[in-house]
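Counting convention: from 1, in listed order, for ligands and their atoms alike.
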Amino acid sequence: MQTRRIGDVEVSAIGLGGMPMSIEGRPDEARSLATIHAALDTGLTLIDTADAYHRDADEVGHNETLIAKALATHERGPDVLVATKGGHLRPGDGSWTLDGSPAHIREACEASLRRLGVEAIGLYQFHRPDPKVPYAESVGAVRDLLDEGKIRMVGISNADPDQIRQANEILGGRLVSVQNQFSPAFRSSEPELRLCDELGIAFLPWSPLGGISRAGGLGSAYAPFARIASAHGVSPQRVCLAWMLAKSPVVVPIPGSSRPETIRDSAAAVDLVLSAEESAELDAV
Ligand SMILES: NC(=O)c1ccc[n+]([C@@H]2O[C@H](COP(=O)([O-])OP(=O)(O)OC[C@H]3O[C@@H](n4cnc5c(N)ncnc54)[C@H](OP(=O)(O)O)[C@@H]3O)[C@@H](O)[C@H]2O)c1
């Protein structure tokens, strides 16, 4: 398995996104555990999750609990970097709400620590800026948790270039990752990707395949990916992930899966090499 770096940790160049296994439309637990174990079998050593990856109001941290269970029952569990997040809430009506207050961030981090059963969280990401709370206060709360040793590395998510610079400054240069939406049909995070490349900060594209609701579709950009896929005899999703990996060594896509087959297929993207012409063609879509 090819690797990339998040901070000082070497991780597989592709990670597993845990969200489809815990929100609306999720599979049963046995299939989810099989999916996570399939990811570990292929050599993936990064799993993205969040306390807010749950469906009902009374099951906060459903995905973290699932991941902890899967890691505890696989020999490669200890090798995995679990990247969780705090700052989003799900009241149980299908919506996503925000609380970026320092008090909530601290409480959420401590609850994640308990669910993951670790002394320190490998990578803790501030999930999304809360317009009701100054960004510096939210990021400052995560910095305090880092200074206290409750988390080992800090990332942010859904941030613009100014917020990336601001967060890195508040953290004294210790920001290790930015997780933003980026896929063939959603490319407006290119400036953040370029800034991360410049700063040497990992960039984790979320919904890299166009999201759960468009699973397998890659949105409006499907056709050129499918054409190049058929020339290589692979899936369009694999081409999509290979295209992202080729953009910069800081890119670490985190495709979501709820089936062993899909994460196996996605993991194989690390071995797919596109020609410069193919990448340029996909860039221009
Ligand atoms: N930071 C944020 O605000 C934020 C927001 C959204 C998501 N995320 C993170 O990003 C991760 C990825 O995003 P996502 O799960 O929303 O969407 P995604 O990765 O774009 O798409 C996931 C869907 O694609 C399908 N799929 C995966 N690999 C495939 C393959 N090789 N061939 C065919 N289909 C494939 C999966 O199908 P099956 O379910 O059938 O396996 C799944 O339903 C999430 O799981 C989550 O960890 C973060």
Check [X] against ligand 1 and report side chain, backbone, both or neither, counting heavy atoms closer than 4.0 Å.
X      : answer
Ala50  : neither
His88  : neither
His127 : side chain
Ser266 : both
Met19  : both

Ionic contact status for [Y] with [X], cut-off 4.0 Å:
X      : Y     : answer
Arg114 : Glu64 : no
Glu24  : Arg90 : yes
Glu59  : Arg26 : yes

Check the side chains of Asp51 and Ser112 for a donor-acceptor pair under 3.5 angstrom, ignoring hydrogens and angles. no
Using a plain distance cutoff, I'd like to know if [X] has any nitrogen or oxygen under 3.5 Å from a nitrogen or oxygen of ligand 1.
X      : value
Gln179 : yes
Pro255 : no
Gly256 : yes

Any side-chain heavy-atom pair of Pro91 and Trp96 under 4.5 Å: no
Of Glu110, Glu119, Glu107, which is the lone residue that meets salt bridge (charged side-chain N to carboxylate O under 4.0 Å, His left out) with Lys150?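 The salt bridge (charged side-chain N to carboxylate O under 4.0 Å, His left out) with Lys150 is passed solely by Glu110 among Glu110, Glu119, Glu107.
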Enumerate donor-acceptor pairs with a distance under 3.5 Å from any side-chain N or O in residues 247-256 to protein atoms, sequence neighbours excluded.
| unit_1 | atom_1 | unit_2 | atom_2 | d |
| --- | --- | --- | --- | --- |
| Lys247 | NZ | Glu190 | OE2 | 3.4 |
| Lys247 | NZ | Asp283 | OD1 | 2.8 |
| Ser248 | OG | Asp197 | OD1 | 2.7 |
| Ser248 | OG | Val250 | N | 3.0 |

Just to be sure I'm reading this right: ignoring hydrogens, which of [options] gets closest to [atom]? Compare them by their nearest heavy atoms.
atom                    : options                       : value
atom 3 (O) of ligand 1  : Thr84, Val239, Asn158, Asp48  : Asn158
atom 10 (O) of ligand 1 : Phe182, Trp206, Tyr53, Phe126 : Trp206
atom 12 (C) of ligand 1 : Val234, Ile254, Ile47         : Ile254

N/O donor-acceptor pairs under 3.5 Å from side chains in residues 132-146, not counting sequence neighbours:
| unit_1 | atom_1 | unit_2 | atom_2 | d |
| --- | --- | --- | --- | --- |
| Lys132 | NZ | Asp130 | OD1 | 3.2 |
| Ser138 | OG | Gly100 | O | 2.6 |

Quick check: His88 with His127 (ring centres under 6.0 Å apart)? yes
Identify, by atom number and element, the atoms of ligand 1 in contact range of [X], meaning under 4.0 Å from any of its heavy atoms.
X      : value
Ser258 : 38 (P), 39 (O), 40 (O), 41 (O)
Arg259 : 38 (P), 40 (O), 41 (O)
Asp265 : 30 (C), 31 (N), 32 (N)
Pro20  : 15 (O), 45 (O)
Gly18  : 45 (O), 47 (O)
Gly210 : 20 (O)

Taking Gln125 as the fixed residue, which of Thr49, Asp48, Asn158, Thr84 is the one that meets the side-chain hydrogen bond (donor to acceptor under 3.5 Å, both in side chains) rule? Asp48
Return yes when Lys85 approaches ligand 1 closer than 4.0 angstrom through a heavy atom, no otherwise.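 Yes, that is the case, since the closest heavy atom of the residue is under 4.0 Å from the ligand.
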Hey, is CZ on Arg152 packed in by over 12 heavy atoms from elsewhere, all under 6.0 Å? no
